[in-house]
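All remarks here apply to the structure that follows.
All ligand and atom numbering here is 1-based and tracks the order in the structure. Just so it is clear, the structure is predicted and the values come from calculations on it, not from any experiment.
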Amino acid sequence: MIDSSGQAYKKARRYLKTTRNRNPDIEKDWTPFRAAEKHFKARFPPPDLTTVLDLATLDESRASEVTAGNWAGKPDAAQTRAFTTVSGTYGYTLPEIPGLILLPAFLCPEKQKELIKWSLVEHARRPNETNLDIHYLLPSEGIWNAYVRDGNTVIHPRQIETDAEYLKQDPGPRTLIDNIPANTSNFESFNNVSKPPTPPSSNVQPASCSDLLPRLRWANIGWSYHWGTKQYDFSKGKIPIHHTIRDLCKSAVQSVDWKGVFALDTSDWGPHGADWMYWDENYEPDAGIVNFYQTKVHLLSYHTLDVNSRNVKDTLMAHVDRSEVCATSPLVSISLGNAAIFLIGGLTRETEPVPILLRSGDVVIMSGPACRRAYHGVPRILENTLSPHLADVVDEPDWSIYKNYMDSTRININVRQVFPKEFDPGLS
Ligand SMILES: O=C(O)CCC(=O)C(=O)O
Ligand SMILES: [Fe+2]
């Protein structure tokens with residue numbers, strides 16, 4: 001018996017309407033990366049995850065995480081090679097993408113909680129820029145602490161300063177304009193490009209802290225990133241990387257047997273050669289971003305704060321992180337909260353990407369010439385997948401405010417090294 005008033009029926013009807021009007025010629029033009037993004041973005045019917053690599057399914061101690069959200073992939077959806085890290089956990093490489101390292105459950109539950117708190121309490125505030133600072137005059141304690149004190153506190157928009165030099169840009173989707181990869185030769189000219197601030201939007205209304213919190217999309221780490229030119233603005237100086245993040249990224253890099261990963265690699269490593277031999281000692285993170293993704297649409301969308309459309313609808317479209325002068329040094333990416341589908345392909349969007357299910361506590365390292373500048377993106381945050389160890393507030397009532405926020409959130413701490421160790425940018 002079909003219940004035509006039920007939610008599922010209504011969903012199915014909406015879905016049929018959209019597919020009926022779909023132009024098959026458009027789909028034909030999708031690159032393999034675009035087709036994969038479309039597949040995983042679909043709300044109804046939900047995407048089939050049997051092609052998604054899900055290494056947590058190999059680990060019995062993560063069984064409750066895997067079943068928590070009813071989303072699971074397969075442990076053999078891509079070819080992997082396991083290795084034991086220095087700390088005794090398993091790590092995996094993918095022969096298809098040399099330099100991609102997966103460290104499932106690298107962080108214990110306590111560390112995950114510490115990093116979630118750090119992201120919100122200590123990091124998403126001055127002096128670190130956030131997407132909200134572009135439009136709002138935020139208190140110096142940052143949006144999270146202001147929200148915890150009083151969610152009804154009103155935050156006022158930033159006014160356009162009439163004498164300020166703002167970025168003059170044609171309106172349009174910025175992310176479609178690919179920037180030129182940085183390297184040691186063009187660094188000087190890149191550094192001299194003028195980097196005026198992004199103008200605040202003129203139609204932003206005052207908003208309460210509770211309304212703004214779900215609109216927090218990113219907070220900068222280390223060297224200041226200029227979204228308008230997609231280049232670092234070194235003139236603003238470098239904010240030191242917090243020791244917790246630095247130590248964690250270094251221990252992730254040091255936990256990998258790089259010889260085992262790259263000894264047989266024959267790729268072109270550029271002018272400085274195969275620097276992996278020195279990463280154990282000289283890897284030094286100096287930039288990055290904390291991404292905040294919401295699984296739910298929060299109402300009150302009378303304007304958009306997504307001036308950097310990389311965060312539109314809480315997904316991250318296919319991109320290459322090519323603003324760093326060093327194109328081979330490890331990028332360390334930490335997943336916290338709800339699980340996500342991460343796609344990683346090759347040097348163009350024509351390579352079919354490998355879908356990987358990332359769960360809270362997983363660490364990904366992107367390194368070497370084939371991987372560090374590979375297209376990647378996050379087409380889907382898997383709703384209602386908060387791990388039981390983050391959802392439990394019984395033993396720790398103080399966690400409940402974080403738990404409530406994390407119920408609909410994924411945080412990604414994405415840490416990079418801008419300069420190769422031996423390169424002197426002459427910035428001091
Ligand atoms: O959220 C993620 O897992 C990836 C984020 C990312 O690729 C980026 O910030 O450049
Ligand atoms: Fe990225």
Side-chain angles (χ1 to χ4, degrees), residues 33 36-37 40-41 52-55 97 99-104 106-107 112 115-116 119 123-124 128-131 174-175 178-179 181-182 216-223 225-227 230-232 245 249 252 285 287-295 306 308-324 326-327 329-347 349 353-367 371-382 385 406 409-418:
F33 205 111
E37 286 179 319
F40 291 109
K41 273 183 181 171
V52 178
L53 179 65
D54 186 358
L55 294 164
I97 309 176
L100 178 66
I101 316 288
L102 305 178
L103 302 172
F106 188 73
L107 306 174
Q112 294 170 37
L115 291 176
I116 290 168
S119 302
H123 187 69
N128 309 307
E129 193 189 14
T130 72
N131 64 307
R174 293 178 192 182
T175 33
D178 278 344
N179 54 333
L216 174 67
R217 292 289 175 268
W218 52 261
N220 194 74
I221 300 178
W223 287 117
Y225 193 71
H226 185 259
W227 293 84
K230 291 193 171 178
Q231 291 167 19
Y232 286 94
I245 300 300
C249 293
I289 186 165
V290 179
N291 294 295
F292 299 87
Y293 301 87
Q294 292 297 311
T295 61
D306 299 313
N308 304 303
S309 47
R310 66 196 303 270
N311 285 311
V312 163
K313 286 189 187 145
D314 301 283
T315 60
L316 188 54
M317 64 186 296
H319 68 281
V320 173
D321 298 302
R322 48 163 74 96
S323 310
E324 293 74 30
C326 190
S329 183
L331 177 157
V332 179
S333 172
I334 301 161
S335 290
L336 301 162
N338 280 276
I341 304 287
F342 176 71
L343 296 177
I344 178 154
L347 300 181
R349 290 183 178 86
V354 180
I356 303 172
L357 209 156
L358 296 179
R359 298 176 186 273
S360 195
D362 293 349
V363 169
V364 173
I365 302 182
M366 293 168 64
S367 70
C371 178
R372 185 59 183 75
R373 288 200 170 159
Y375 272 89
H376 60 281
V378 183
R380 180 68 168 262
I381 311 296
L382 297 170
T385 50
M406 291 308 292
T409 307
R410 171 176 183 258
I411 297 179
N412 169 260
I413 306 178
N414 205 275
V415 191
R416 303 137 192 212
Q417 177 170 348
V418 175

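The contact set between ligand 1 and Leu316, taken as ligand atoms under 4.0 Å from a residue heavy atom, comprises 5 (C), 6 (C), 7 (O), 8 (C). Below 4.0 Å from some heavy atom of Ile289 lie the following atoms of ligand 1, by number and element: 9 (O). With ligand atoms numbered from 1 in the order given, ligand 1 contributes 1 (O), 2 (C), 3 (O) to contacts under 4.0 Å with heavy atoms of Arg410. Every atom of ligand 1 with a heavy atom of Val378 under 4.0 Å away is listed here by number and element: 1 (O), 2 (C), 3 (O), 4 (C). When each atom of ligand 1 is checked for a heavy atom of Asp321 under 4.0 Å away, the hits are 10 (O). Atoms of ligand 1 lying under 4.0 Å from at least one heavy atom of His376, given by number and element, are 7 (O).
At a cut-off of 3.5 Å, with distance as the only test, no side-chain donor of Tyr225 or Glu129 sits close to an acceptor on the other residue. A donor atom on one side chain and an acceptor atom on the other are found under 3.5 Å apart for Asn412 and Ser333.
Contact detail for Ser367 and Pro330: the closest heavy-atom pair is CB-CA, 3.9 Å. Contact record, Pro104 with Asp362: CA-OD1, 3.4 Å, taken as the closest heavy-atom pair.
For the Fe ion (ligand 2), the nearest N, O or S atom contributed by Asp321 is named OD2. No other N/O/S atom of His376 lies as close to the Fe ion (ligand 2) as NE2 does.
Looking at ligand 1, you won't find any N or O of Ser335 less than 3.5 Å from one of its N or O atoms.
When heavy-atom distances to ligand 1 are checked against a 4.0 Å cut-off, Val364 has no atom that comes that close, whether in backbone or side chain.
Ligand 1 has at least one atom lying under 4.0 Å from a heavy atom of Arg416. Note on ligand 1: Tyr293 sits in its first shell, one or more heavy atoms being nearer than 4.0 Å.
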Walk me through it: do Ser335 and Arg410 pass the test side chain to side chain donor-acceptor pair (under 3.5 Å)?
CA-CA 7 Å; Ser335 290; Arg410 171 176 183 258; 2.8 Å; yes
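Each of Arg372, Arg373, Gln417 was scored for a side-chain hydrogen bond (donor to acceptor under 3.5 Å, both in side chains) with Glu324, with one residue passing: Arg372. If you run side-chain contact (heavy atoms from CB on, under 4.5 Å) between Glu37 and each of Ile341, Leu316, Thr315, Leu343, only Leu343 comes through. Residue Val290 is tested with Ile334, Leu115, Ile411 for a side-chain contact (heavy atoms from CB on, under 4.5 Å); the sole match is Ile411.
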